[in-house]
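In this text the structure is predicted, and so the values were computed from the model without any measurement. The sequence lines fix the lettering, A, B, ..., with proteins before strands; numbering per chain opens at 1.
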There are 2 protein chains.
Amino acid sequence: MPNQKRPPFAENVTADDVAIAAGVSRWTVNRAFRKDASISPKSLQKVMVAAERLGYLPDLRAASLASDRSNLVALLIDDFANPHKLVMMERLTRILRREGWDILLVNTLNRDDAGHALLNASQRRVDAVILIGIQFDDDVLETALQARRFRKLIVFARSSENPDTISIAVDDVGAMTELARYVHQRGYRRPLFVAGPQSHSAHLLRKETFLEYWGKHFSFQPESVTVPAYDPALAATIVMETLSHRGPSDLPDVIVCENDALAMGASDVIRHKLGLEIPKDIAITGFDDVPQADNPNYRLTTYRQPLTEMVEYLVKVLADPEERDLNRLFTGRLIPRHSA
Amino acid sequence: MPNQKRPPFAENVTADDVAIAAGVSRWTVNRAFRKDASISPKSLQKVMVAAERLGYLPDLRAASLASDRSNLVALLIDDFANPHKLVMMERLTRILRREGWDILLVNTLNRDDAGHALLNASQRRVDAVILIGIQFDDDVLETALQARRFRKLIVFARSSENPDTISIAVDDVGAMTELARYVHQRGYRRPLFVAGPQSHSAHLLRKETFLEYWGKHFSFQPESVTVPAYDPALAATIVMETLSHRGPSDLPDVIVCENDALAMGASDVIRHKLGLEIPKDIAITGFDDVPQADNPNYRLTTYRQPLTEMVEYLVKVLADPEERDLNRLFTGRLIPRHSA
DNA sequence: ATTTTTCTTGCTCGCGCGAGCAAATGTAAG
DNA sequence: CTTACATTTGCTCGCGCGAGCAAGAAAAAT
């Protein structure tokens, strides 16, 4: 019995207990914990002293039930092999918490599971759902919206065409055009595009933008391959399959990847499997500027999304009560490094 | 007005609405959604049909308020530069959700913030708090326990000495002894130990175990350095500072790191800054077996924690109503690779 | 057919708080 | 010292559900 002096769980101390201790009414106690409420400095003081002594803190479940605002957002996420997810989660959790939002984290296993995950979130009556997974294609979104269960459905870090969602993303067309122009001007002429999962529009946008740019300037469509997940190891396998049996003249001179996760896999293959040098034999570009992109093993030329700015905007969107067009595209920055 | 046919948020349909539609009482409706409840197949069917049609799902806030069980656990986490955190989060979120637990994700910014984060979680009346951060030293734990606000305080993936917390971790002493013996038997004789943040006991355990082993077999304490975060880039800086001005005979022949994040940073320095070869000039070992450890750039000899097994046990701990000793140490596996 | 047992259903009450109003108190103006 | 007005406080009612019991229905036993 280790817990003799210390009961393992506090008997619930409620606002009533504090009210008695402070000599005020229950409602004054609760008001003391709301920033908008009108309360005299004297009673605020009395309440806070009593609350501190009794260890009282308002129950947010009850507050939410009564006010119909939960101050909770659900974060639906998959694609855990992609290191950029860790960066996004860090930024989102830090800034949202600073603004008073709590986060319900849901790992959506696959496309079929996405619907369940959304229902799950809805049962907690979250104020908004933030999607940063790759599995939320238009069908899934449509189904979620049919249920009319969410005040705000925010697609983060990729653009969504759906008119009933709020999309906060980087301008893929502008970004990829900039990357294509860079690759073009550096003199590369035989690109291979490495695309991620085909299930949604945002990243198709990057691929299409690149292919179109190239088609316009050289009147041929560059080769492209698809990797079914943003997983460096998987990307390595696919790139290896694609390139291993080719002679030197058949190899691309630059591999343009939809994001850094894929670029890291491609880079590993070029250097360690094919024994070639980056960027001399084959150059590489990525997208996202994950921390590893700056690692001496990669030194990836990539494109940095203004993540903090995007999350700050997300915070504003969450607080916005109006019903209006909140979609927004952000412009990032090309980060030239050694790889291309 | 994009939402003409589709109101943006469903009017709240409650159990009462379903009850009327199904021709039963409100309590029968709620019972239909509880797996333990006794209800006839006929009324279950009626309720489910009506619920489906109206788009009803029970409100978990209200359920929690009434039953005093939230089915929510808070996950307090920091150290987002460590790639192992992404692995842990994936495993935890996947398995906990499968078992019906929802997760409140809290990013604890620093040690001072840990207390606030705990209070924050307590206001949602979570059933348990899982700590996988590095900032929860005994002082913080003690403060949290003083408040007697948590039914279960689970320290995951590191051992805690505190008798009022439940620790689910790998056996650091056993693991590090195995690693030390491996390094010893491979013939290395001038180790440098790279330790992480000093703020808590678990990782001191790894360091102490290694130093003791070496002291016992060679009667001298190997050198060690401390990195203030599990960040590969930071580890690289510190290791560089430590080694850059030394002649070849002064260099260690093996760098034993407290985990893979540090090992990756050390590896980068050895190969890219010092221009040395691994393992010929300097060998390296890590801990955790993160996905990147198997990457051709690292090929880290490391120690794999049985993470799935540990999370499965965590699930059992969460479901356990009894008040008894639930601490447990797990044994992992040494993964020999090229780096040592 | 009647009694006993089991299963199912409905109900009272309460979980802890907030919206919104009415009463009370305080403050300024005449 | 009143009257007018602003600020603060207390209160009724309801948010949506669950525990636990009592009444009702069904099944089993006599």
Side-chain angles (χ1 to χ4, degrees), chain A residues 9-48 50-51 54-72 122-127 149 151 321, chain B residues 9-48 50-51 54-72 122-127 149 151 321:
Chain A
F9 190 62
E11 68 295 346
N12 268 343
V13 31
T14 81
D16 284 306
D17 303 330
V18 179
I20 293 168
V24 297
S25 74
R26 203 258 296 160
W27 297 271
T28 303
V29 172
N30 288 15
R31 259 189 278 260
F33 284 89
R34 265 175 283 162
K35 50 179 171 299
D36 58 309
S38 105
I39 185 172
S40 71
K42 200 169 51 184
S43 24
L44 179 64
Q45 166 78 1
K46 279 195 295 186
V47 169
M48 285 313 188
L54 299 179
Y56 168 79
L57 280 178
D59 183 329
L60 292 184
R61 298 169 306 178
S64 165
L65 194 59
S67 71
D68 204 35
R69 294 195 65 245
S70 60
N71 269 287
L72 236 197
S122 85
Q123 289 197 262
R124 298 271 176 199
R125 303 299 189 258
V126 296
D127 289 333
R149 233 169 243 300
R151 296 166 212 245
Chain B
F9 189 61
E11 68 296 346
N12 266 345
V13 31
T14 81
D16 284 305
D17 305 329
V18 179
I20 293 169
V24 298
S25 74
R26 203 256 298 158
W27 298 271
T28 303
V29 172
N30 287 357
R31 259 189 279 261
F33 284 88
R34 264 174 285 161
K35 51 178 172 303
D36 58 309
S38 104
I39 186 173
S40 71
K42 199 168 52 182
S43 25
L44 179 64
Q45 166 79 3
K46 279 195 295 185
V47 169
M48 285 313 187
L54 299 178
Y56 168 80
L57 280 177
D59 184 330
L60 293 183
R61 298 171 304 179
S64 165
L65 194 60
S67 71
D68 204 36
R69 294 195 64 244
S70 60
N71 269 286
L72 237 196
S122 85
Q123 289 198 263
R124 299 270 175 199
R125 304 298 190 257
V126 296
D127 290 332
R149 233 168 243 299
R151 297 164 210 248

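Using a 4.0 Å heavy-atom cutoff across all strands shown, B:Ser43 reaches sugar-phosphate atoms only and no base atom. Using a 4.0 Å heavy-atom distance criterion, A:Tyr56 is classed as a sugar-phosphate-only contact. When heavy atoms are screened at a 4.0 angstrom cut-off, A:Ser38 is found touching base atoms of the nucleic acid. Counting non-hydrogen atoms under 4.0 angstrom, A:Ile39 reaches the backbone sugars and phosphates but no base. Note on A:Arg61: nothing from the nucleic acid sits closer than 4.0 angstrom, heavy atoms only.
The existence of a salt bridge linking A:Arg151 and A:Asp68 is confirmed by a sub-4.0 Å separation between a basic side-chain nitrogen and an acidic carboxylate oxygen. One finds no salt bridge joining B:Arg26 and B:Asp17 here, because no Lys/Arg side-chain nitrogen approaches an Asp/Glu carboxylate oxygen to under 4.0 Å.
For C:dT9, neither phosphate oxygen OP1 nor OP2 lies less than 4.0 angstrom from any side-chain nitrogen or oxygen of B:Thr28.
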Just the atom pairs and distances: protein N or O near nucleotides 24-28 of chain C's N or O, under 3.5 Å.
none

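Where B:Pro41 and A:Pro58 meet DNA chain C, the nucleotide closest to each residue was compared, and B:Pro41 sits on the side nearer the 5' end. Both B:Gly23 and A:Thr14 sit near DNA chain C, but only B:Gly23 has its closest nucleotide nearer the 5' end.
Between the side chains of B:Arg125 and B:Ser70, no donor-acceptor pair of N or O atoms lies under 3.5 Å.
Formation of a donor-acceptor pair under 3.5 Å by the B:Asp127 side chain with backbone atoms of B:Arg69 is not found in this model.
Atom CG in B:Asp59 sits 9.5 Å away from atom CG in B:Leu65 (nearest 0.5 Å). Distance check: A:Leu57 CG to A:Thr14 OG1 gives 12.5 Å after rounding to the nearest 0.5 Å. Considering CD1 of A:Ile39 and CZ of A:Phe33, their distance stands at 9.5 Å, rounded to 0.5 Å. Atom OG of residue B:Ser64 and atom CZ of residue A:Arg124 lie 7.0 Å apart, to the nearest 0.5 angstrom.
Reading DNA chain D from its 5' end, the first and the last nucleotide to sit under 4.0 Å from a heavy atom of chain A are D:dT8 to D:dG16.
Within the 4.5 Å cutoff, the side chain of B:Val18 has heavy atoms near those of the B:Val47 side chain.
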